[in-house]
Amino acid sequence: MKLPQRNRDLRNYVLRNDVLRISLYVLWIAVWALSAYSYNTQHATYPDHRKILGWKLALLLAATVISGFFLFRIWKFFTDRSFCGVIERTSLSHSYSAADDPSLIRGIQSGQADFHLKTVLTVRLPSGKRRRIRFVQKEGSYHYYYEGNSIVHFRGLPYPVRAERNDVGYVCAACGRMHKEKAERCDACHYTLIDPIDLQL
Ligand SMILES: [Zn+2]
């Protein structure tokens, strides 16, 4: 399952994120390795057991590699895959920041309240396997992600999109903004919207 030709900018978005994460990871390891090297050269007169050598160096590098793996979400390269399937279960929980007054939810636009709808979808793949996908909806498009709907998740994009035409609207796969009407681009982040017509399933 690949992103449609029309959404080339989204492919670049995913690629850029991948490159950025790997670069930061490599940089992270390099900085720590160089720090150890620099410590050793600045303390060249120290006996070997006071330098960062042997098991100390191995431990430092292992800690760097492991912490960076989580810090830069390198694990996603191993677990995140594109897939399509049917939503079997949705669980939602919400939180607000800035204001707890529900009457202010409407104030998202004016910035009075920041509404977060934490969403977990359990998706059944055609093979019968189940996948879970988590993301945060900012606007709460309740009817877009509904049990029984076919959705497509693209690797590297946080918001899955509906695989079939629907009357609820179009979601931006990059930022999650809902669009009632069909549009070429998202009016929040300006990435192209995925048109279900392009998803030949
Ligand atoms: Zn967007």
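Model, not experiment: these values are computed from the prediction. Counting begins at 1 with the first residue of the sequence. For ligands, and for the atoms within them, numbers begin at 1 and follow the listed sequence.
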Sort by chain and number the protein N/O/S atoms found under 2.8 Å from the Zn ion (ligand 1).
C172 SG, C175 SG, C186 SG, C189 SG
Step through it carefully: locate the ring centre of Y159, locate the ring centre of Y145, and say whether they are under 6.0 Å apart.
no
Do you see a donor-acceptor pair shorter than 3.5 Å between the side chains of H153 and D80?
yes
Is there a donor-acceptor pair under 3.5 Å between the side chain of R162 and the backbone N or O of Y144?
yes
Look only at the side chain of H179 and the backbone of R177, and say whether a donor-acceptor pair between them is shorter than 3.5 Å.
yes
Transitive ILVMFWY cluster of V136, excluding itself - 4.5 Å side-chain cut-off:
none
Student check: side-chain heavy atoms of F135 and P160 closer than 4.5 Å:
yes
